Undergrad: 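Just passing along the structure, written as structure tokens.
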Amino acid sequence: MSLKRNTIYNLIGSITPMFIGMATVPLYLHKIGDARYGVLALVWLFLGYFGLFDPGVTRAAVFHIARLGGAGEEKERESVFWTALVINLSFGLIGGLILYFAARPVFMSTFKMPQEMRAEVMASLPWLAASVPVSIVAGVLGGAMQARESFGLLNSITIFNSILSQVVPLAVAYWHGPDLRWLIPAVLITRTIGAIPTCLALVRIMPLGVGGAFAPARVKTLFTYGGWITITNLLTPLLTTMDRMLIGSLLSAQAVAFYTVPFNLVTRASVIPGALATSLFPKLSRGQHEESAELASSAVIALAAVMTPIIIMGMAALPIFMRFWVGAGFAQHAASVGIVLLIGVWINSLAFIPYGHLQAIERPDVVAKFHAIELIPFLGLLWVGLHFFGLLGAAWAWTLRVAVDGALLFAYAGQIPGWRRMLPGGLLVLLGAFFPPTSIISIKSLVEIGLLVVSIFWSWNVSPMVRSSVLRQVGAKRIREAV
């Protein structure tokens, strides 16, 4: 199946929710306020930690289903699917029960928030607990569709679900008010409804009903691969969300909003490497070692060529855009945070490829070990950054952490040749971070435009994959016009 077509499907499926979120964030801030939006962000961050109750089985199922891609292997594929589903449902129910009892002391004493909002969160605990098994089971459903490379249909369903999950709670807020006791159940109900189309699609795509069933013998196989993924799932929420958790503990719920809004905005750029990495993983899992390394190397260079101009353009536009998007007062606190985070987004985007490559060649242990090494230094750096530099300190701590993570992944995946060619792009990104303009017409704007032009020329020359793709599109357009 076409890597390019699947990547485009994944990109559309990721970008569309981004635009839906951008349209609804100002409406949420207006309707429920900065502080309540920050509390809601903390709630979903806390819930994200319970993704660790997926014991790596979802990724293991994608790996094994992708490998069982030939004709005559339908029954084995279905057995892997049902085994993974039963395991995740069991762990999800346990996780939901633990969340129900663990959330009360956390939200009563850890996070700073108005007392009335604390009461709303406490009343919503049963709904939060029910969200755990729903999310973990949904992961297996989506993973199975990825393994079968049914990216077009999967992303159509994703777009539908993202519209529901953003619009329905917002409608509830306008209809019933900004009470979290209504908003949180609205999100869970829409997520549950959104899993139904995926179930129906899998009946045909896997296909289901060909004789496969839960197979106890496959449990060990899934856990052997998934055990290291479990460690990654345990550490990743700590590494990716502790910045906002500590902001909520040390500063205020409003500060969480000032950090979360630009974080969610700029990290949306990761949809591009995410789309490519998701499309690549089934192919890397089936390929020979040398073929996988060559494919991964081409993907890294292509990503650097694409991401460098995008990140520089984001740095040029972010301060001005945020003033119009969420207001000058909010942007004054948030825009500089977003600029620092964009540096980390560029580095992290490229690291998607060695991350997936190592898992595809059955070395998920390497990723887990690196995350374990990074955790304690990151938490210390984050605390120091927040204590002395506030939100900017937290942003720099996150960026430095992903820089170290990317360096470790590339160093270990040294069999990916040519990755050093992306370093000039990193220098251009660093220069762009020093000249964020506050007005459209200014010296800094001219500098950013110059850096953008240089980055485009560099991108054209560094990646044969991107260059040939552009030339093919231009040639196809000329042929259509001639006809």
Side-chain angles (χ1 to χ4, degrees), residues 3 6-7 10 14 56 58-60 62-63 66 146 225-226 228-233 235-236 239-240 267 269-308 310-311 343-375 377-378 398-427 429 459 462-466:
L3 175 62
N6 288 341
T7 301
N10 290 333
S14 300
T58 295
R59 192 66 162 180
V62 175
F63 175 78
Q146 290 177 16
Y225 182 96
W228 288 107
I229 304 291
T230 302
I231 297 175
T232 300
N233 289 347
L235 296 174
T236 296
L239 292 168
T240 57
T267 54
S270 297
V271 299
I272 298 173
L276 178 58
T278 301
S279 302
L280 272 175
F281 186 74
K283 297 182 183 299
L284 294 175
S285 299
R286 290 194 298 268
Q288 298 298 318
H289 188 77
E290 294 78 10
E291 295 173 356
S292 296
E294 185 177 349
L295 183 58
S297 179
S298 298
V300 166
I301 301 303
L303 269 180
V306 171
M307 293 301 297
T308 300
I310 289 175
I311 294 298
I343 302 172
V345 169
W346 183 85
I347 301 168
N348 194 49
S349 296
L350 304 183
F352 271 65
I353 303 303
Y355 178 95
H357 176 66
L358 288 168
Q359 292 187 344
I361 61 174
E362 298 188 78
R363 291 307 309 271
D365 60 303
V366 175
V367 178
K369 291 171 183 176
F370 285 162
H371 285 173
I373 292 170
E374 296 163 17
L375 179 59
F378 171 61
W398 184 85
T399 293
L400 291 173
R401 200 280 301 174
V402 298
V404 171
D405 184 64
L408 290 172
L409 289 172
F410 276 108
Y412 193 89
Q415 66 270 31
I416 300 179
W419 63 268
R420 292 175 181 83
R421 295 163 58 197
M422 70 188 183
L423 296 179
L427 178 60
V429 168
S459 298
V462 77
S463 174
M465 181 186 291
V466 172

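Note that the structure is predicted; figures quoted are calculated from it, not measured.
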Undergrad: To the nearest 0.5 Å, what is the distance between OG1 (Thr7) and CD1 (Ile272)?
TA: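 Answer for the OG1-CD1 pair, Thr7 versus Ile272, is 11.0 Å.
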Undergrad: Of all heavy-atom pairs between Leu375 and Leu239, which one has the smallest distance, and what is that distance?
TA: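 Heavy-atom minimum between the residues: CA-CD2, 3.9 Å.
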Undergrad: Is any side-chain heavy atom of Ser270 less than 4.5 Å from a side-chain heavy atom of Val345?
TA: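 When only atoms from C-beta onward are counted, Val345 and Ser270 do touch, with a gap below 4.5 Å.
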Undergrad: Could you report the tightest heavy-atom contact between Leu235 and Ala372, atom names first, then the distance?
TA: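 For Leu235 versus Ala372, the nearest heavy atoms are CD1-N, 3.3 Å.
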Undergrad: Identify the heavy atoms of Leu276 and Ala299 that sit nearest to each other, and give their distance.
TA: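 Nearest heavy atoms, Leu276 then Ala299: CD2-CB, 3.9 Å.
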Undergrad: Rounded at 0.5 Å granularity, tell me how far CZ in Phe352 sits from CE in Met307.
TA: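 So the gap between those two atoms works out to 9.0 Å.
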Undergrad: Provide the closest heavy-atom pair for Leu350 versus Ala304 in the form atom of the first, atom of the second, distance.
TA: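 So the minimum-distance heavy-atom pair works out to CD2-N, 3.5 Å.
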Undergrad: Taking Asn10 for the side chain and Asn6 for the main chain, is one N or O donor matched with an acceptor at less than 3.5 Å?
TA: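 Side chain of Asn10 to backbone of Asn6, a donor-acceptor pair under 3.5 Å: yes, one is there.
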Undergrad: State the CG-CH2 distance between Leu303 and Trp346, to the nearest 0.5 angstrom.
TA: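 One finds 10.5 Å between CG of Leu303 and CH2 of Trp346.
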Undergrad: Looking only at heavy atoms, which two atoms of Gly344 and Thr399 are closest? And how far apart?
TA: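 Closest approach of Gly344 to Thr399: N-CG2, 3.5 Å.
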Undergrad: Using 30° and 60° as the class limits, which term best fits the ring planes of Phe63 and Phe281: parallel, tilted or perpendicular?
TA: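 Judged by the thresholds at 30° and 60°, the geometry between Phe63 and Phe281 is tilted.
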Undergrad: For Arg59, give me all partners under salt bridge (Lys or Arg N to Asp or Glu O under 4.0 Å), at least two apart in sequence or on another chain.
TA: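 None.
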Undergrad: I need the minimum non-hydrogen distance between Ile311 and Ala269, along with the two atoms involved.
TA: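 Smallest heavy-atom distance, with atoms named: CD1-CB, 4.3 Å.
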Undergrad: Could you check if a side-chain atom of His371 sits within less than 4.5 angstrom of a side-chain atom of Asp405, using non-hydrogen atoms only?
TA: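 Side chain of His371 against side chain of Asp405, heavy atoms only: contact under 4.5 Å found.
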